[in-house]
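The figures here come from the full heavy-atom set of this structure, side chains too, leaving out hydrogens, waters and symmetry mates.
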Amino acid sequence: AQASLAPAAFFLCAQQAHGMMAADDRDERSGALQEAGRFSCREFLVRHIEDILRFYVPRVKDPAGGFHQNFYIDGRQFNQELKQIVSSARLVINFMLSGKLLNRPDLLELGKHGLDFLDAFHLVADGELYAFTLRDNKPDDMTQHAYGYAFVLAAHAAARLAGVTSSGEGLGRVFDLMERRFWLPDHCAYADSMSPDGVLDAYRGQNSNMHICEALILAHRATGEDRYIERAEILAETFVQRLAAKSGGFVWEHYTSNFDIDWDYNKNDRTNIYRPWGFQPGHQIEWTKNLLNICRHTRKDWMLQRARELFDRAFAIAWDDLHRGLVYGFGPDEQWCDADKYFWVQAESMASAALLYEATGDAKYKDRYEALWSYICAHWVDHEHGAWYCFKQTRDNRRCSDEKAISGAKCDYHPLVSCIEALNAFP
């Protein structure tokens with residue numbers, strides 16, 4: 001019954017918040033329901049998490065192992081044979097964290113089903129390598145990507161935090177593999193990718209390091225082990241302080257093997273979902289979130305200052321006054337280089353605005369948070385089927401595809417986890 005009907009309270013909250021409800025309908029609602037219409041109330045955030053789950057829970061489990069990862073807006077599947085490690089791990093995180101929050105054993109069981117699949121199918125015993133992609137549950141692309149390892153680490157952390165696993169053994173195994181394969185102590189950062197026979201690629205990037213930082217924070221929360229938060233702090237210092245100083249205070253995406261800025265990498269591929277050219281406002285703002293979450297454990301004055309700087313500057317450049325929402329990218333001249341809107345940018349920015357409001361009490365961050373939610377509810381939330389519509393939209397908010405979930409790109413991890421983050425600010 002929980003998955004069969006759209007959560008009425010959530011839909012009413014969303015309607016009220018961006019002006020869809022008629023005046024007489026609003027007048028009929030009680031003060032309690034009007035309170036529920038605030039984006040900063042716990043009920044709204046919990047209802048939205050449940051609304052995301054309403055789409056995935058009835059259809060995502062693959063009895064042969066793991067999760068189906070590719071769905072159209074209405075829930076029909078495509079590319080059924082393909083599974084990618086990022087989605088495999090992110091769905092585990094979704095179910096572990098929401099299961100813990102909502103006290104739902106069925107979600108924790110789904111999470112365990114996915115975690116077992118990561119260890120039994122993505123992890124190839126010979127050489128302890130992770131298959132980046134699987135086809136029909138058989139290894140396909142065996143390139144080793146630190147980006148994928150980041151989410152496997154986070155999946156084990158989420159399982160430990162949710163009480164599904166009783167030790168940090170899985171976490172420790174993944175961390176140790178990352179240490180051996182990708183950690184570059186001379187640069188205080190991780191390499192990006194490695195061939196199956198152990199040769200590191202020369203490319204260096206911030207994206208994988210940012211998500212490793214995020215996973216390490218979760219690992220510390222789950223285990224209390226200092227090595228995880230200490231490494232997260234080192235990564236933050238590397239990218240947000242030392243390397244950002246080379247690029248005008250923003251975090252650039254691409255580097256040479258010696259971590260010199262590579263201004264030209266993917267200059268003709270500005271929409272790449274993992275390695276786009278330009279400054280990514282969404283990534284500046286994700287670093288804001290990481291810095292604020294590190295501050296919960298080891299507060300440094302520079303972290304709050306840089307969190308505010310990154311958010312404020314990125315938001316000022318990327319917010320679209322005409323069509324609302326944040327654009328995808330801008331160049332070193334601070335001119336937009338990709339004006340499309342991507343779902344994850346809006347979700348992560350909503351979470352970071354909430355955490356900045358929690359950390360500073362500055363009302364402007366609550367205003368940003370509410371402006372983002374108003375935009376999200378108007379253009380991204382699928383009130384009929386649940387979850388968010390698609391991966392990206394045009395600048396004027398027209399959907400680019402009817403694909404709702406895509407292997408490696410979208411499984412509504414960003415919206416769901418961002419709601420959980422926002423609950424820290426609005427408990």
Problem set entry | Ser352 and Glu286: CA distance, side-chain angles, deciding distance, side chain to side chain donor-acceptor pair (under 3.5 Å) verdict | CA-CA 7 Å; Ser352 293; Glu286 281 194 82; over 6 Å; no
For this session: Report the C-alpha separation of Arg275 and Glu253 in whole Å, then their side-chain angles, then the decisive distance to 0.1 Å, and conclude whether the salt bridge (charged side-chain N to carboxylate O under 4.0 Å, His left out) test is met.
Result: CA-CA 7 Å; Arg275 297 180 180 181; Glu253 294 292 314; over 6 Å; no
For this session: Apply side chain to side chain contact (heavy atoms under 4.5 Å, CB included) to Leu110 and Lys61, showing your working.
Result: CA-CA 7 Å; Leu110 265 179; Lys61 183 177 180 179; 3.8 Å; yes
For this session: Could you give me the CA-CA distance, side-chain angles and deciding distance for Met194 and Asp201, then say whether side chain to side chain contact (heavy atoms under 4.5 Å, CB included) is met?
Result: CA-CA 6 Å; Met194 185 185 80; Asp201 187 83; over 6 Å; no
For this session: Carefully, step by step, assess Phe78 and Glu403 under the rule side chain to side chain contact (heavy atoms under 4.5 Å, CB included).
Result: CA-CA 9 Å; Phe78 65 97; Glu403 296 173 354; 3.6 Å; yes
For this session: Decide side chain to side chain donor-acceptor pair (under 3.5 Å) for Gln206 and His283; before the verdict, give the C-alpha distance in whole Å, the side-chain angles of both, and the deciding distance to 0.1 Å.
Result: CA-CA 9 Å; Gln206 80 82 27; His283 286 163; 3.1 Å; yes
For this session: Apply salt bridge (charged side-chain N to carboxylate O under 4.0 Å, His left out) to Lys341 and Asp320, showing your working.
Result: CA-CA 10 Å; Lys341 311 290 173 58; Asp320 184 346; 3.2 Å; yes
Problem set entry | Residues Asn207, Gln280; criterion side chain to side chain donor-acceptor pair (under 3.5 Å); working and verdict | CA-CA 10 Å; Asn207 196 8; Gln280 298 298 295; over 6 Å; no
Exercise. Run the salt bridge (charged side-chain N to carboxylate O under 4.0 Å, His left out) check on Arg296 and Glu358 step by step: do they pass?
Worked result: CA-CA 11 Å; Arg296 296 182 188 280; Glu358 177 195 21; 2.7 Å; yes
For this session: Step by step, work out the side chain to side chain donor-acceptor pair (under 3.5 Å) result for Thr133 and Asp141.
Result: CA-CA 5 Å; Thr133 58; Asp141 181 0; 4.8 Å; no
Exercise. Is there a salt bridge (charged side-chain N to carboxylate O under 4.0 Å, His left out) between Arg313 and Glu334 once you walk through the steps?
Worked result: CA-CA 10 Å; Arg313 288 184 63 199; Glu334 299 188 359; 3.3 Å; yes
Exercise. Between Cys213 and Asn209, does a side chain to side chain contact (heavy atoms under 4.5 Å, CB included) hold up when you go through it step by step?
Worked result: CA-CA 6 Å; Cys213 182; Asn209 281 276; over 6 Å; no
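Under 4.0 Å is where a charged nitrogen must lie from a carboxylate oxygen, and between Lys83 and Asp62 at least one such pair does. Ion pairing between Lys289 and Glu348 holds under the 4.0 Å rule for side-chain N and carboxylate O. Under 4.0 Å is where a charged nitrogen must lie from a carboxylate oxygen, and between Lys364 and Asp367 no such pair does. By the 4.0 Å N-to-carboxylate-O rule, Arg47 lies close enough to Glu50 to be salt-bridged with it. We find that Asp412 and Arg90 are not joined by a salt bridge, their nearest charged nitrogen and carboxylate oxygen being 4.0 Å or further apart. Classification of Glu309 and Arg306 as a salt-bridged pair holds, one side-chain N sitting under 4.0 Å from a carboxylate O.
With hydrogens and angles ignored, the 3.5 Å screen pairs no side-chain donor or acceptor of Asp382 with any backbone N or O of Ile52. Judged by distance alone, with hydrogens and angles left aside, the side-chain atoms of Ser374 form no donor-acceptor pair with the main-chain N or O of Glu370 at under 3.5 Å. The backbone N or O of His145 lies less than 3.5 Å from no partner atom in the side chain of Ser193, so there is not a single donor-acceptor pair. Proximity of a side-chain donor or acceptor of Gln69 to a complementary backbone N or O of Ala405 within less than 3.5 Å is not detected. Tyr147 places no side-chain N or O within 3.5 Å of a backbone atom of Val86 that could act as its donor or acceptor partner. Side-chain atoms of Asn70 come within 3.5 Å of backbone N or O of Ser407 as a donor-acceptor pair.
The closest side-chain heavy-atom distance from Leu243 to Val251 is not below 4.5 Å. Between Leu423 and Arg42, some side-chain heavy-atom pair lies under the 4.5 Å cut-off.
Phe67 and Phe95 have their aromatic ring centers within a separation under 6.0 angstrom. You'll find the ring centres of Tyr203 and Tyr255 outside the 6.0 Å limit. For His122 and Tyr130, the ring centers are positioned 6.0 Å apart or more. The aromatic ring centres of Phe55 and His385 sit 6.0 Å or more apart. Here the two rings, on Phe279 and Trp252, have centers that are under 6.0 Å apart. No close placement of the Trp388 and Trp344 rings is indicated, their centers lying 6.0 Å or farther apart.
Side-chain atoms of Ser208 and Asp192 form a donor-acceptor pair, as typed in the model, at a separation below 3.5 Å. Under the 3.5 Å distance criterion, with hydrogens and angles disregarded, no donor-acceptor pair is assigned to the side chains of Tyr265 and Asp269. Residues Tyr190 and Arg231 have side chains that bring a donor and an acceptor to within less than 3.5 angstrom of each other.
A 6.0 Å sphere centred on CD of Gln241 holds more than 12 heavy atoms belonging to other residues, nucleotides or ligands. At most 12 heavy atoms of other shown residues, nucleotides or ligands fall within 6.0 angstrom of atom CG in Asn103. No more than 12 heavy atoms of other residues, nucleotides or ligands lie within 6.0 Å of NZ in Lys100, so this atom counts as exposed by the packing criterion. Summarising the local packing, CG of Asn268 is surrounded by 12 or fewer heavy atoms from other residues, nucleotides or ligands at distances under 6.0 Å.
Nearest heavy atom pair, residue Pro332 against residue Trp277, reads CD-CH2, 3.6 Å. The two atoms that bring Val92 and Ala155 nearest to each other are CG1-CB, 3.8 Å, heavy atoms only. Between Ala189 and Thr238, the shortest heavy-atom distance links the atoms CB-CG2, 4.3 Å.
Partners of Gln77 by side chain to side chain donor-acceptor pair (under 3.5 Å), not counting sequence neighbours, listed by chain and number: His68.
With a 6.0 Å cutoff to the six-membered ring centre and a 45° limit on the axis angle, Arg324 does not count as a cation-pi contact of Tyr375. Annotation: cation-pi geometry satisfied between Lys410 and Phe343 (NZ/CZ under 6.0 angstrom from ring centroid, within 45° of ring axis). At least one test fails for Arg181 against the ring of Tyr149: distance under 6.0 Å to the centre or angle within 45° of the axis. Figure legend: cation-pi geometry between Arg76 and Phe71 absent, as NZ or CZ is not positioned both under 6.0 Å from the six-membered ring centre and within 45° of its axis.
If you run ring-ring contact (aromatic ring centres under 6.0 Å, His included) between Phe175 and each of Tyr228, Trp183, Phe182, only Tyr228 comes through. With respect to Tyr369, the ring-ring contact (aromatic ring centres under 6.0 Å, His included) criterion is satisfied by exactly one of Phe44, Phe426, Phe39: Phe426. Looking at Tyr357, Phe311, Phe315 one by one, the single match for ring-ring contact (aromatic ring centres under 6.0 Å, His included) with Tyr365 turns out to be Phe311.
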